[in-house]
Amino acid sequence: MKTFHLARATVAALIGVAVTGMSAHAEIKNYEFQLVQPTVKAGADRIVTVRLVDKTSGKAVPDAVIFSTRLDMAPDGMQEMATKVMPMPGTEPGTYRFKATFGMAGRWQLSLGAKVQGETGAVENKLVVTAEQ
């Protein structure tokens, strides 16, 4: 009889640990990229910095793996006007920097895809950067 109660208690404890462990992680929809600076000067080799944030805590999220980047003029109806994006080292934890050429003034869309350590799914955001003369 003691063995039965011990086994039941062990199963209950394991279920509790599993549920607690699952709730410790945020859902992927609770993460988003935010522009650090919404404008840049038009021209070559401009740096765009974004921060990956956990919206539930407001804290920056370091060590995400950026697997997709695209920069184009979709907000101004020119999706075909795309430019190459080069990842650069971040200056502080949770920030991600990219070098690109903004060939003309206007609104540019930075599309990002990233994996957050310990989370299932991917963070995908489209941010609008304004290039000024």
Side-chain angles (χ1 to χ4, degrees):
M1 193 68 158
K2 279 187 175 183
T3 306
F4 175 72
H5 290 294
L6 182 60
R8 239 173 118 179
T10 303
V11 168
L14 289 173
I15 290 172
V17 167
V19 169
T20 303
M22 285 190 288
S23 65
H25 291 291
E27 292 185 37
I28 201 71
K29 68 180 180 175
N30 291 333
Y31 296 96
E32 72 176 0
F33 283 102
Q34 299 172 348
L35 287 169
V36 171
Q37 191 71 29
T39 60
V40 297
K41 290 279 188 193
D45 297 333
R46 302 301 183 205
I47 303 292
V48 176
T49 304
V50 298
R51 181 178 295 112
L52 180 58
V53 177
D54 179 342
K55 296 186 288 186
T56 59
S57 68
K59 294 182 180 179
V61 179
D63 304 323
V65 177
I66 309 291
F67 65 83
S68 172
T69 58
R70 179 175 167 85
L71 184 63
D72 61 41
M73 291 194 78
D76 286 342
M78 296 183 277
Q79 332 32 335
E80 66 282 350
M81 181 125 177
T83 189
K84 188 175 180 179
V85 180
M86 298 276 301
M88 306 290 292
T91 55
E92 53 189 79
T95 63
Y96 304 86
R97 298 173 56 208
F98 305 95
K99 181 171 35 171
T101 297
F102 290 82
M104 62 186 287
R107 294 178 301 153
W108 293 76
Q109 179 173 278
L110 177 61
S111 302
L112 298 169
K115 297 288 285 175
V116 175
Q117 303 298 322
E119 297 295 340
T120 304
V123 178
E124 295 182 16
N125 286 129
K126 296 178 187 303
L127 306 169
V128 177
V129 180
T130 302
E132 299 174 336
Q133 288 294 358

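Quantities reported herein were computed from a predicted structural model and do not represent experimental measurements. Values below: all heavy atoms of this structure, side chains included; hydrogens, waters and symmetry mates excluded.
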Original post:
Are Ile66 and Val36 linked, directly or through other ILVMFWY residues, by side chains that come within less than 4.5 angstrom of each other?
Top reply: no
Original post:
Just how far is it from atom CG of Leu35 to atom CG of Leu110, taken to the nearest 0.5 Å?
Top reply: 7.0 Å
**OP:** Give, for atom CG of Asp54 and atom CD of Glu119, the distance between the pair rounded to the nearest 0.5 Å.
**Re:** 8.0 Å
Subject >> Test log, rule side-chain contact (heavy atoms from CB on, under 4.5 Å), inputs Gln34 and Leu127 >> reply: CA-CA 7 Å; Gln34 299 172 348; Leu127 306 169; 5.9 Å; no
**OP:** Indicate the atoms forming the closest heavy-atom contact of Ala64 with Ala114, along with that distance.
**Re:** CB-CB, 4.4 Å
Original post:
Looking only at heavy atoms, which two atoms of Trp108 and Thr101 are closest? And how far apart?
Top reply: CH2-O, 4.4 Å
**OP:** Look at atom CD of Gln133 and say whether more than 12 heavy atoms of other residues, nucleotides or ligands are closer to it than 6.0 Å.
**Re:** no
Original post:
Considering residues, nucleotides and ligands other than Met86, do more than 12 of their heavy atoms fall under 6.0 Å from its CE?
Top reply: no
Subject >> Sole residue of Val129, Ile47, Thr49 in side-chain contact (heavy atoms from CB on, under 4.5 Å) with Val40 >> reply: Val129
Subject >> Distance, nearest 0.5 Å, that separates CG of Asn125 from OG of Ser111 >> reply: 9.5 Å
Subject >> Hydrophobic cluster identity match, Met88 and Tyr96, side-chain contacts under 4.5 Å >> reply: no
Subject >> Joint cluster assignment, Phe102 & Val128, ILVMFWY side-chain distance < 4.5 Å >> reply: no
Original post:
Do Tyr31 and Val53 share a hydrophobic cluster, counting only Ile, Leu, Val, Met, Phe, Trp and Tyr and linking them when any side-chain heavy atoms are less than 4.5 Å apart?
Top reply: no
Subject >> Thr83 side, atom OG1; Lys99 side, atom NZ - distance, nearest 0.5 Å >> reply: 12.0 Å
Subject >> Neighbour count >12 (heavy atoms, 6.0 Å) for atom CZ, Arg97 >> reply: yes
Original post:
Does any non-hydrogen side-chain atom of Ile28 lie less than 4.5 Å from one of Thr120?
Top reply: no
**OP:** Heavy atoms only: give me the nearest Lys84-Ala100 pair and the separation to one decimal.
**Re:** O-CB, 3.5 Å
**OP:** Taking all heavy atoms of Ala122 and all of Lys115, pick out the closest pair and write down the distance.
**Re:** CB-CD, 4.3 Å
**OP:** Evaluate whether atom NZ of Lys59 has more than 12 neighbouring non-hydrogen atoms of other residues, nucleotides or ligands under 6.0 angstrom away.
**Re:** no
Subject >> Any donor-acceptor N/O pair, Asp72 side chain to Ala74 backbone, under 3.5 Å >> reply: yes
Subject >> Pairwise distance CG(Leu112) to CZ(Arg70) - rounded to 0.5 angstrom >> reply: 12.5 Å
Subject >> Atom pair CD (Gln37) and CZ (Arg46), whose distance is rounded to the nearest 0.5 Å >> reply: 13.5 Å
